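The structure displayed is predicted, hence computed values, not measured ones. Computed from heavy atoms alone, side chains included, the values below leave out hydrogens, waters and symmetry copies. Every number for a ligand or one of its atoms is a count from 1 in the order of the listing.
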Amino acid sequence: MKPNILVCGKTGAGKTSLIQAVTHAGTVPDEAIGDAEATTRGFDVYETDVANFIDSEGMEPGRTVEQYSSFIMGEVVKRLSSDSVENLVHNIWYCVDGSGARIQSADARLIEQFSDKVLLVVTKSETLRREQTEAMMSQLLDLLPAERIVMISSHNRTGLAQLLDRALEMTARAIDGADDELFSFRNRWNTYYVNMRARWERRAGDEADGYINWGAGRAAAIALIPLPLADVAPLMANEAYMIYRIGAAYGYAVDKSILTMLAGVAGGSVAGKLAASFLPFLKVPIAAGITYGVGKAAKAFFASGMKLDADELREKFIEGEKESKNTNWKENKIEEE
Ligand SMILES: Nc1nc2c(ncn2[C@@H]2O[C@H](COP(=O)(O)OP(=O)(O)OP(=O)(O)O)[C@@H](O)[C@H]2O)c(=O)[nH]1
Ligand SMILES: [Mg+2]
């Protein structure tokens, strides 16, 4: 029992790179990954011990959705009508380039067609720019529920653990085999990914820490602006961007309710705290400390698989806020993006 995972999307979205990132070295040769031109043609199947990854030719500009859709559906149907259940497509990863920033109606229509088998994979997530992050998230979340969207970067190796967890659940459901069969399938899967997972988890943690330091440093810089109240909105925007990025490092598309919940761990009166301390030299550590604490709470939340409750989050926030006092944020030079 081995699932077939079909990877599709626009040309250059990073489909082949993704398959290379989630398979052991040597499975996907570097030559399979293209630069300027459309590279993959037709379908290439990469077999591993745990799954067959079906790489597809990308949708090129000028090709209509109908054409691309019938090309992909043709393969799905061909496999459906073959004699063996082993050929079925169990899971589809529809890739959207994160640096392109926009989901087009073509993407939306294709995703609808694949219905409950599809995961929407936002690739190159490390290239998302500050101004586009929020718009992209809300656009994505209008299209599909958060559990069906995964943010990944093949280059930074982030979000991949999340993608594989969800793919495992979806394929296990689709396979619907006997208990012992499912049990050995999960075992094989976990064995195949054990070392990669450990590396990915470290990567996600490091990346999250990078964003926390960056966010706190920027908060300090914003707080230096000597207007007592005008700086609260940019501080909140800064914090929101930090949370989106931390979520993405763990593969999550963050929705508004999670954002509000995480920003809320600082306690109601961030604006109040800051307004009260109208002296810039007090505002700097307060702003940096709040942002740092919220960042640490967010990191712990996503690392736990979004399982921490309000008390645990509050604890992480307080720990973080304390820890931030060890840094002189004013001296700490943060590079701008
Ligand atoms: N910045 C960044 N670039 C990436 C990432 N993943 C892939 N790329 C780049 O995107 C380009 C296309 O990658 P491919 O994996 O060949 O994309 P594809 O979707 O298979 O493309 P076609 O087969 O031509 O349809 C290459 O230059 C990759 O290096 C990523 O995570 N971050
Ligand atoms: Mg390709």
Side-chain angles (χ1 to χ4, degrees), residues 4-48 51-65 67-72 74-75 91-104 106-107 110-111 114 118-130 132-133 136 140 149-164 196 199-200 203-204 206-208 210-211 244-245 247-253 337:
N4 298 305
I5 299 175
L6 186 140
V7 185
C8 60
K10 291 216 180 74
T11 186
K15 302 176 290 296
T16 309
S17 303
L18 170 57
I19 298 175
Q20 190 184 54
V22 297
T23 52
H24 288 181
T27 312
V28 178
D30 288 341
E31 304 85 77
I33 292 161
D35 271 319
E37 289 157 29
T39 308
T40 308
R41 291 291 173 203
F43 295 94
D44 284 331
V45 181
Y46 296 104
E47 294 187 23
T48 71
N52 302 318
F53 294 93
I54 308 163
D55 192 7
S56 7
E57 182 172 325
M59 180 161 108
E60 282 180 64
R63 213 169 176 191
T64 65
V65 187
Q67 282 169 330
Y68 191 64
S69 165
S70 62
F71 164 67
I72 297 291
E75 181 69 11
N91 197 199
I92 294 172
W93 294 352
Y94 188 84
C95 296
V96 178
D97 189 332
S99 65
R102 218 144 62 87
I103 305 293
Q104 281 143 339
D107 296 310
L110 273 168
I111 290 163
F114 304 138
V118 73
L119 280 168
L120 176 56
V121 181
V122 180
T123 57
K124 313 185 191 181
S125 72
E126 91 282 2
T127 63
L128 269 177
R129 280 178 293 123
R130 211 172 338 150
Q132 53 184 212
T133 308
M136 172 115 181
L140 289 171
I149 304 169
V150 190
M151 314 288 296
I152 67 118
S153 164
S154 301
H155 279 189
N156 289 4
R157 300 282 196 270
T158 56
L160 301 174
Q162 187 68 237
L163 174 60
L164 288 163
M196 291 166 103
R199 276 203 302 279
W200 294 339
R203 286 297 261 273
D206 290 348
E207 189 146 314
Y211 279 112
Y244 283 127
R245 296 311 306 239
Y250 288 95
Y252 292 104
E337 264 195 333

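- Residue Asp30 holds its CG atom at 11.5 Å from OG1 of Thr16, rounded to the nearest 0.5 Å.
- Ligand 1 places these atoms under 4.0 Å from at least one heavy atom of Gly58: 25 (O).
- Below 3.5 Å of separation, one finds an N or O of Gly14 facing an N or O of ligand 1.
- Although no hydrogens or angles enter the test, the distance criterion places no donor-acceptor pair under 3.5 Å between the side chain of Glu57 and the main chain of Arg41.
- Given atom 29 (O) of ligand 1, the protein heavy atom at minimum distance is His155 NE2, 3.4 Å.
- Geometrically, ligand 1 and Ile33 share no nitrogen or oxygen pair separated by less than 3.5 Å.
- Short contacts between ligand 1 and Thr11, defined as distances under 4.0 Å to a heavy atom of the residue, involve ligand atoms 22 (P), 24 (O), 25 (O).
- A 4.5 Å side-chain heavy-atom check between Thr127 and Ser153 finds every atom pair outside the cut-off.
- Remark: side-chain polar atoms of Thr123 are paired, donor with acceptor, to backbone N or O of Val96 under 3.5 angstrom.
- A donor-acceptor distance shorter than 3.5 angstrom exists from the side chain of Ser56 to the backbone of Val7, with no hydrogens or angles considered.
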Evaluate side chain to side chain contact (heavy atoms under 4.5 Å, CB included) for Tyr46 paired with Thr23, printing each intermediate quantity in order. CA-CA 9 Å; Tyr46 296 104; Thr23 52; 5.5 Å; no
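- Listed by atom number, the atoms of ligand 1 under 4.0 Å from Thr127 heavy atoms are 1 (N).
- To the nearest 0.5 Å, atoms CH2 (Trp93) and CD1 (Ile5) are separated by 4.5 Å.
- Contact between Thr123 and ligand 1 is absent, with no heavy atom of the residue lying under 4.0 Å from the ligand.
- Scanning the protein heavy atoms around atom 13 (O) of ligand 1, the nearest turns out to be Ser17 OG, 3.5 Å.
- For ligand 1, the polar-atom distance check against Glu57 finds no nitrogen or oxygen pair separated by under 3.5 Å.
- When only non-hydrogen protein atoms are considered, atom 20 (O) of ligand 1 lies nearest to Thr16 OG1, 2.8 Å.
- Side-chain contact check for His155 versus Glu126: some heavy-atom pair is nearer than 4.5 Å.
- Ligand 1 has an N or O atom lying under 3.5 Å from an N or O atom of Lys124, backbone or side chain.
- Taking atom 11 (C) of ligand 1 as the reference point, the nearest protein heavy-atom neighbour is Gly34 O, 3.6 Å.
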For Val122 and Met136, what are the C-alpha separation, side-chain angles and deciding distance, and is it a side chain to side chain contact (heavy atoms under 4.5 Å, CB included)? CA-CA 10 Å; Val122 180; Met136 172 115 181; 3.6 Å; yes
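- At the top of the distance list for atom 24 (O) of ligand 1, counting protein heavy atoms only, stands Thr39 N, 2.6 Å.
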Side chain to side chain contact (heavy atoms under 4.5 Å, CB included) evaluation trace for His24 with Met196: CA-CA 9 Å; His24 288 181; Met196 291 166 103; 3.6 Å; yes
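- Of the possible polar contacts, one joining the Arg245 side chain to the Leu128 backbone as a donor-acceptor pair under 3.5 Å is found.
- With ligand atoms numbered from 1 in the order given, ligand 1 contributes 19 (O) to contacts under 4.0 Å with heavy atoms of Ala13.
- Proximity of Asn156 to ligand 1, defined as any heavy-atom pair under 4.0 Å, is not found for any part of the residue.
- For the atom pair OH (Tyr250) and OG1 (Thr158), the distance works out to 10.5 Å, reported to the nearest 0.5 Å.
- Considering backbone and side-chain atoms alike, Ala32 places every N or O at 3.5 Å or more from each N or O of ligand 1.
- Close contacts of ligand 1 with Ser154, meaning ligand atoms under 4.0 Å from a residue heavy atom, involve 6 (N), 31 (O).
- A donor-acceptor pair is defined here as one N or O able to donate and one able to accept, closer than 3.5 Å; no such pair exists between the side chain of Ser154 and the backbone of Ala21.
- Looking at atom 21 (O) of ligand 1, its nearest protein heavy atom turns out to be Gly12 N, 3.0 Å.
- Atom 18 (P) of ligand 1 has Lys15 N, 3.5 Å as its closest protein atom, hydrogens excluded (heavy atom only).
- Atoms of ligand 1 found under 4.0 Å from any heavy atom of Ser153 (numbered from 1 in listed order, with element): 31 (O).
- In this structure, Gln132 contributes its side chain and Arg129 its backbone to a donor-acceptor pair below 3.5 Å.
- Using a cut-off of 4.0 Å between Lys/Arg side-chain N and Asp/Glu carboxylate O, Asp55 and Lys15 are scored as not salt-bridged.
- With respect to atom 27 (O) of ligand 1, the closest heavy atom belonging to the protein is Asp35 OD1, 3.0 Å.
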Test side chain to side chain contact (heavy atoms under 4.5 Å, CB included) on Leu18 and Leu160; report intermediate values, then the result. CA-CA 9 Å; Leu18 170 57; Leu160 301 174; 3.7 Å; yes
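- At a heavy-atom distance under 4.0 Å, only side-chain atoms of Glu126, from C-beta outward, approach ligand 1.
- Using modelled atom types, no side-chain atom of Tyr68 and backbone atom of Glu60 make a donor-acceptor pair closer than 3.5 Å.
- Listed by atom number, the atoms of ligand 1 under 4.0 Å from Ala38 heavy atoms are 24 (O).
- Looking at ligand 1, you won't find any N or O of Ser56 less than 3.5 Å from one of its N or O atoms.
- Neighbours of the Mg ion (ligand 2) restricted to protein N, O or S atoms under 2.8 Å: the count is 2.
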Test ring pair (Phe, Tyr, Trp, His ring centres under 6.0 Å) on Phe43 and Phe71; report intermediate values, then the result. CA-CA 10 Å; Phe43 295 94; Phe71 164 67; 4.6 Å; yes
